[in-house]
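Okay, so here's the structure we're looking at.
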Amino acid sequence: MKVLRGVADIPADWPASAVSIGKFDGVHAGHRAVIDELKGVADLNGLASVVVTFDRHPLAVLAPTRCPQTLISTEQKLGLLAETGVHATLVLEFTAALAALPPVEFIESILVQGLHARTVLVGRDFRFGAHGAGDVHLLQELGDLFGFTVRLIDDVKPDRMRRVSSTWIRELLTRGEVGAATTLLGHHPTLRGEVVHGAKRGRELGFPTANLSPASEGLIPADGVYAGWLTDAGIRYPAAISVGNNPTFDGVAQKQVEAYVLDQDIDLYDHVVEVEFVERIRGMVAFTGIEPLIVQMHDDVSKVRGILA
Ligand SMILES: Cc1cc2nc3c(=O)[nH]c(=O)nc-3n(C[C@H](O)[C@H](O)[C@H](O)COP(=O)(O)O)c2cc1C
Ligand SMILES: Nc1ncnc2c1ncn2[C@@H]1O[C@H](COP(=O)(O)OP(=O)(O)OP(=O)(O)O)[C@@H](O)[C@H]1O
């Protein structure tokens, strides 16, 4: 997948394209439905398939106090979009100037002049341009004017009640429901970050853990213990993952994500790893001492084996 960083990065001889625009936070099942259709239309008509997205959540500029924490970083988004098989992603810097572009100019400068759009695919609720003044009716009018067709994608609603959305997935992760989040995402919720030095207690307990840097990418699910996977240098290991401030040892102020990789003795310090959450096993517990914690961790690990088997 070609990554275009801004309109100025689009080559002048860019081919005619089928384009989809949005935040694509999470690259969830709704987004995947749009992208599947995008690729189908592009292939059928000999067009390049292009996703247009932003380098931050628009609310980070428009209303920072209402801006949700994103499910994934831009780099994670680019990784997931690359896996879908689209030809290119255009990442626009979401500045105040971009937010202020009137709808017509947004479409003309980016889709028409930049990407030579012939087809534009969006969900029915799609809004664009300053103050979200542009809707799908305006998009259709602009299509007639500039020579592209508009295709509207039906909502993906797994339970027929609620449309898949990043808000819904955020709610699930906040409750630790990583299995349900996986269903809506089409992939496991994943954190990516560098392995840093912890309190060095893990080895003593018999469960050395890879502690993720507080600067890791991705939304951290609710405190608790999870079954999941840790991927290092392309190798995916089964893992028991702890999220919380280790209340048994009232030392850590900050929420910590740490993964005990099963049956391995590996040095992961300074490696950038991915941690995938598959299922929540239990909540974080403040034990009265290390003995009951160790007993519980053995039980957690055997549950992890059962879940991942
Ligand atoms: C499977 C698993 C379960 C855990 N459960 C708890 C828990 O219930 N309560 C707690 O205080 N810490 C829990 N921890 C975190 C440990 O306290 C932590 O891994 C240990 O103190 C080592 O910390 P360190 O990596 O900073 O050395 C758990 C860790 C793992 C891997
Ligand atoms: N559940 C869904 N079903 C169908 N299309 C969707 C769904 N969710 C998003 N889309 C579409 O995907 C494209 C990218 O959208 P964007 O991420 O900006 O959408 P959104 O509706 O704000 O999503 P979310 O609420 O999950 O952040 C848009 O065309 C949008 O309408």
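Not measured: the values here are computed from a predicted model. Counting starts at 1 for both ligands and their atoms, following the listed order.
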Per-atom contacts, ligand 1 versus [X] - under 4.0 Å to a heavy atom:
X: Gln256; result: 26 (O)
X: Gly198; result: 26 (O)
X: Asp300; result: 1 (C), 3 (C)

Backbone or side chain, does any N or O of [X] fall under 3.5 Å from an N or O of ligand 2?
X: Arg124; value: no
X: Gly22; value: no
X: Phe126; value: no
X: Arg163; value: yes
X: Ile153; value: no

Provide, to 0.1 Å, the distance between [atom] and the closest protein heavy atom, together with that atom's residue and name.
atom: atom 16 (P) of ligand 2; value: Lys23 N, 3.5 Å
atom: atom 25 (O) of ligand 2; value: Ser165 CB, 3.5 Å
atom: atom 19 (O) of ligand 2; value: His31 NE2, 4.0 Å

Report the part of [X] in contact with ligand 1, treating N, CA, C, O as backbone and CB onward as side chain, heavy atoms under 4.0 Å; options are side chain, backbone, both, neither.
X: Ile241; answer: neither
X: Val301; answer: neither
X: Gln296; answer: neither
X: Phe249; answer: side chain
X: Thr248; answer: both

Q | Parallel, tilted or perpendicular: rings of Phe277 and Tyr226 (30°, 60°) | A |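 Tyr226 and Phe277: perpendicular rings.
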Q: Please work out whether the ring planes of Phe128 and Phe106 are parallel, tilted or perpendicular, with thresholds of 30° and 60°.
A: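 Answer is tilted, since the angle falls between 30° and 60°.
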Look only at interatomic distance and state if [X] has a nitrogen or oxygen under 3.5 Å from any nitrogen or oxygen of ligand 1.
X: Tyr260; result: no
X: Pro247; result: yes
X: Ala240; result: no
X: Ala286; result: no
X: Gly202; result: yes

Q.
Tell me whether Asp43 is salt-bridged to Lys39, with the criterion being a basic N under 4.0 Å from an acidic carboxylate O.
A. no
With respect to [atom], which of [options] exhibits the smallest heavy-atom separation?
atom: atom 20 (C) of ligand 1; options: Asp299, Val196, Leu205; result: Leu205
atom: atom 19 (O) of ligand 1; options: His197, Glu258, Met284, Lys200; result: Glu258
atom: atom 30 (C) of ligand 1; options: Arg282, Lys303, Met297; result: Met297

Q. Same hydrophobic cluster for Phe287 and Tyr260, using side-chain heavy-atom links shorter than 4.5 Å among ILVMFWY?
A. yes
Q | Verdict with supporting geometry, Gln140 and Asp144, side-chain hydrogen bond (donor to acceptor under 3.5 Å, both in side chains) | A | CA-CA 6 Å; Gln140 265 154 345; Asp144 294 340; over 6 Å; no
Q) Is the closest heavy atom of Thr167 to ligand 2 under 4.0 Å? A)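 No, Thr167 has no heavy atoms under 4.0 Å from ligand 2.
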(Q) Suppose I only count heavy atoms of Val156 and a 4.0 Å limit; which atoms of ligand 2 are within that range? (A)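 This gives 1 (N), 2 (C), 3 (N), 4 (C) as the contact atoms.
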Q: List every atom of ligand 2 that sits less than 4.0 Å from any heavy atom of Asp154, numbering the atoms from 1 in the order shown and giving each element.
A: 3 (N), 4 (C)
(Q) side-chain hydrogen bond (donor to acceptor under 3.5 Å, both in side chains) for Lys23 and Ser166? Distances and angles first, verdict last. (A) CA-CA 10 Å; Lys23 300 185 290 288; Ser166 56; over 6 Å; no
Q.
In this structure, does ligand 1 have an atom that sits under 4.0 Å from one of the heavy atoms of Phe287?
A.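 Distance cut 4.0 Å: Phe287 passes for ligand 1.
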**Q.** Considering all heavy atoms, the nearest Val86-Ser49 contact
**A.** CA-OG, 3.5 Å
